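The model shown is predicted, which means the values in this text are computed figures rather than measured ones.
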Amino acid sequence: MPSTIISITYYYTYGMRKVLATICICASALTLSLPTLSAMPSGATYYGGNYRHGAPDVCEISCRYAGHLKDKLGERELRQARIVVIIGNINGDDIALLRKLCTRTACFDTNGNPIENYVDLDLSEAHITTGGYYYSGNRAIRDEVGDYMFYGCTALRTIILPKFTSCIRKRAFSGCSKLEDVMMPRNVRFIDDEAFYSCGQLRKVDLPDGIERIGNRAFSHCLELPEVNLPYTLREIGCEAFSYCPLRAVHLPQGLVSLGNNAFSYTKLTQMLIPASTYLKGGLGTISTLTRIDVESGNSTLLSEDGILYSDNGYTLHTFPMGRDAEVTVPDGVTRIGNFAFSGSKVKSVYLPESTTEIGNSAFMNCSGMASISFAEALKSIGNHAFSGCAAITSFAWPNGVNVVDEGTFMGCKSLQQVSLPNCVTELRQDAFRNCESLQSISLPEGLTIIGKECFRGCKSLSKVAVPSTVKTLSFKAFNECRSLTAITLNEGLRVIEESALDNCNLLSIDIPRTVEVIEKKMVDKNKNLQKIVVRATTPPILKSDSEKGVPLYVPASSVELYKGTKPWTNYKKILPIESANDSQINAKHRNEDIAVR
């Protein structure tokens, strides 16, 4: 005899969602099934009513008084519940208990067998009240998802926030590594800094109309977030707000006032349209897929020409799209290449007009395919790391009007073989030529006063160099790891040789002029072929190390006994008069006669 089936269909409210439900009565069976929701996972069956009369992984709790959740959410529920609905008033003490649920490391069925560990939390009918502490001294505040409220809740998979929530504070959900879906009510006005930082599985977030601000790094490193709809009420997007999200498109709303530095860095955007109302705080960041940037007419600070972004009424080239492969001629009238303007781009060559007087910090950094850049003598300033990582550049003629080679300017330019420095150059700052592996020689101009820390470190092909008499200090690791460096000329005027300045080179000898007063440790450490050290000062300089004490030390004949009696010079096994070295170069009375320094 066939079974009789009775089907009743109606709407059931689950949290803030109206859901179509069906009751099927078949003989002695009664089931109620819900469609799959992000907030209610596939395979879960919701029976309604009290937890103890329903499915073992579904828990609905009503709290009339805040602070009493512990009376209803016991140890068994903490082990078994996966779908949790909270109705009524909760405070910080209650949230601390929910954190315990959402940070558990395992979940079990009624027989004690391990099952998939996740928590889907529906707080839509809950009301956060002031009072109680939930995490590391943080106190609950009425209608706020507070600082660190669900921080590090690694079992939390979905959450529907209380309908009266006004804001989501700093790091509220940061580190929720399993979080996939967040549903927010219309009352939310802002999402604070790093609120969802590093929620690596977040795939969907509903940003309701009403949100006015998204904080710094709010959704940064949400590695599975493919899209986001920005509400029309949004006025501010913080720095790095969506960095490292795989966004392929974004619509910036009309009325957006402020777009933070690197807001969409490391996304997959291909185009961007900046509204007329928007002010850009800093740069767009690293977007390797970006081929075009447009600006709506009427923007008072930005404009676009041929998909390239300009600021300052067109006087500054602000951003060249990284994904564009081209030879670029900068328009006449542009006076400045902005910070990071071409950084990481596929540009092949750049021609700057006579109007350009300034190249900003990191302007061409990591332009690995750029083989040449042409500029006029009008150039007056080149920022730090301007050409760092430009691996295709082989030669560079430094402009006459720029006195300083700034920090890291040519760092990592692995093909750079030749650099011409004019007489106007007075400073080579830290890391200026670091790891220029192909640089074989460089003529340092007389008048140079500073060779910065690690300036030539790792220049493996550099074989010889003369330090001008105007340099007073040979800085920390200035020529460290110059493994081909067999000869260096130090001229009178030098006063201090800092730690490891000539460490790990291939020097055969070193001649220290009489003006040197301080020699710090490891000056010539790990120079395996070092045969002799000459110190010309009649009064022993302050010595902070004797790591090469096995190498013969040659000093003025009148000072041999003084060196032998002065610590730590006393540790040198052989201290001999310079005259006994029988070396015409070492015996020279004036080091400036040995080599011409430009």
Note to self: Walk me through whether N117 and R104 qualify under side chain to side chain donor-acceptor pair (under 3.5 Å).
What the structure shows: CA-CA 8 Å; N117 181 33; R104 70 186 177 194; 2.8 Å; yes
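- Within the 3.5 Å criterion, the main-chain N or O of D143 finds no donor-acceptor partner in the side chain of T165.
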Checklist line | Chi angles and distances behind the side chain to side chain contact (heavy atoms under 4.5 Å, CB included) call for L69, N91 | finding: CA-CA 9 Å; L69 184 61; N91 65 8; over 6 Å; no
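- With hydrogens and angles left out, the side-chain atoms of S297 and N299 include no donor and acceptor closer than 3.5 Å.
- Checked for salt-bridge contact, E144 and R169 meet the test: a charged N lies under 4.0 Å from a carboxylate O.
- Across K453, R457, E499, a single residue satisfies side chain to side chain donor-acceptor pair (under 3.5 Å) together with N480, and that is R457.
- Annotation: Y279, atom OH; neighbour count of heavy atoms from other residues, nucleotides and ligands within 6.0 Å does not exceed 12.
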Notebook entry, point to check: Going through the distances and angles, do L121 and T158 end up as a side chain to side chain contact (heavy atoms under 4.5 Å, CB included)?
Noted result: CA-CA 6 Å; L121 187 59; T158 66; over 6 Å; no
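- The cationic group of R157 lies under 6.0 Å from the six-membered ring centre of Y118 and within 45° of the ring axis, placing it in a cation-pi geometry.
- Side-chain N/O atoms of S243 and S220 include a donor and acceptor closer than 3.5 Å.
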Item checked: Chi angles and distances behind the salt bridge (Lys or Arg N to Asp or Glu O under 4.0 Å) call for K170, E194 -> CA-CA 6 Å; K170 181 177 65 177; E194 301 184 6; over 6 Å; no
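- In this structure, H127 NE2 and F164 CZ are separated by 6.5 Å, a value rounded to the nearest 0.5 Å.
- Checked for salt-bridge contact, E454 and R434 meet the test: a charged N lies under 4.0 Å from a carboxylate O.
- Within a 6.0 Å sphere centred on NZ of K70, heavy atoms belonging to other residues, nucleotides or ligands number more than 12.
- Within 6.0 Å of CZ on R186 lie no more than 12 heavy atoms contributed by other residues, nucleotides or ligands.
- A donor-acceptor pair is defined here as one N or O able to donate and one able to accept, closer than 3.5 Å; such a pair exists between the side chain of T278 and the backbone of L256.
- Annotation: side chain of D206 is in contact with side chain of M183 (closest heavy-atom distance under 4.5 Å).
- Ionic pairing of E358 and R336 is present here: one or more N-O contacts between side-chain nitrogen and carboxylate oxygen are shorter than 4.0 angstrom.
- Side-chain atoms of N435 do not come within 3.5 Å of backbone N or O of G412 as any donor-acceptor pair.
- The closest donor-acceptor contact from the side chain of S174 to the backbone of A195 lies at 3.5 Å or more, if one exists at all.
- Atoms CG and CG, from L234 and L230 in turn, are 6.0 Å apart once rounded to the nearest 0.5 Å.
- Side-chain atoms of D312 never come within 3.5 Å of backbone atoms of G314 as a donor-acceptor pair (strictly under, hydrogens ignored).
- Partners of D71 by side-chain contact (heavy atoms from CB on, under 4.5 Å), not counting sequence neighbours, listed by chain and number: H68.
- One N or O on the side chain of N261 and one on the backbone of G283 form a donor-acceptor pair closer than 3.5 Å.
- With respect to L290, the side-chain contact (heavy atoms from CB on, under 4.5 Å) criterion is satisfied by exactly one of L284, T270, T267: L284.
- Note: D94 CG to L73 CG = 9.5 Å, rounded to the nearest 0.5 Å.
- Atom CD1 of I159 sits about 8.0 Å away from atom SG of C176, to the nearest 0.5 Å.
- L317 CG to T335 OG1: the interatomic distance, rounded to the nearest 0.5 Å, is 10.5 Å.
- Taking every heavy atom of both residues into account, P208 and P185 meet most closely at CG-O, 3.1 Å.
- R171 forms no cation-pi arrangement with Y148, by the criterion of a distance under 6.0 Å to the ring centre and an angle within 45° of the ring axis.
- A 4.5 Å side-chain heavy-atom check between R82 and C107 finds at least one atom pair inside the cut-off.
- Of the charged side-chain nitrogens involved, none lies within less than 4.0 Å of a carboxylate oxygen, so that D57 and R79 do not count as a salt-bridged pair.
- Under the ring-ring contact (aromatic ring centres under 6.0 Å, His included) test applied with F173, the options F219, F196, Y151 reduce to a single match, F196.
- Taking all atoms of both residues into account, the shortest heavy-atom contact from C153 to T103 is CA-CG2, 3.7 Å.
- When side chains are defined from C-beta on, K281 does not count as touching L259, because their heavy atoms never get closer than 4.5 Å.
- For the pair D93 (side chain) and G132 (backbone), a donor-acceptor distance under 3.5 Å is absent.
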Checklist line | Evaluation steps, side chain to side chain contact (heavy atoms under 4.5 Å, CB included), between L309 and V295 | finding: CA-CA 8 Å; L309 184 64; V295 179; 3.5 Å; yes
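- Side chains of D294 and S304 form a contact here, defined as non-hydrogen atoms less than 4.5 Å apart.
- The pair R235-E212 does not count as a salt bridge, with every side-chain nitrogen at least 4.0 angstrom from each carboxylate oxygen.
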Check: How far apart are the C-alpha atoms of N187 and S166, what are their side-chain angles, what is the distance that settles it, and do they pass the side chain to side chain donor-acceptor pair (under 3.5 Å) test?
Finding: CA-CA 5 Å; N187 290 339; S166 62; over 6 Å; no
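- The two residues G146 and Y134 come nearest to each other via the heavy atoms C-OH, 3.3 Å.
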Note to self: Under the criterion side chain to side chain donor-acceptor pair (under 3.5 Å), I'd like the reasoning laid out for S136 against N138: C-alpha separation, chi angles, the key distance, then a yes or no.
What the structure shows: CA-CA 6 Å; S136 190; N138 286 284; 5.0 Å; no
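- For K348, the NZ atom sits in a loose shell: 12 or fewer heavy atoms of surrounding residues, nucleotides or ligands are nearer than 6.0 Å.
- The side-chain heavy atoms of T409 and N384, taken from C-beta on, include no pair separated by under 4.5 Å.
- E498 contributes a side-chain N or O that, together with a main-chain N or O of F476, makes up a donor-acceptor pair within less than 3.5 Å.
- Less than 6.0 angstrom separates the ring centroid of H221 from the ring centroid of Y244.
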Checklist line | side chain to side chain donor-acceptor pair (under 3.5 Å) between D406 and H385, worked out | finding: CA-CA 7 Å; D406 214 333; H385 296 90; over 6 Å; no
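- Taking the centre and axis of the six-membered ring of Y197, the NZ or CZ atom of R217 falls outside the cone set by 45° and 6.0 Å.
- Taking the side chain as every heavy atom from C-beta outward, D181 and V205 never approach each other to under 4.5 Å.
- Dense packing is recorded around CZ of R189, with more than 12 heavy atoms of other residues, nucleotides or ligands lying under 6.0 Å away.
- Put simply, the side chain of N89 gets close to the backbone of R64: a donor and an acceptor are under 3.5 Å apart.
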Item checked: Step-by-step side chain to side chain contact (heavy atoms under 4.5 Å, CB included) determination, L269 to L247 -> CA-CA 6 Å; L269 300 180; L247 303 176; 4.2 Å; yes
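- Within the 3.5 Å criterion, the main-chain N or O of T291 finds a donor-acceptor partner in the side chain of R324.
- The shortest side-chain heavy-atom distance between F242 and I214 falls under the 4.5 Å cut-off.
- Between V328 and F320, some side-chain heavy-atom pair lies under the 4.5 Å cut-off.
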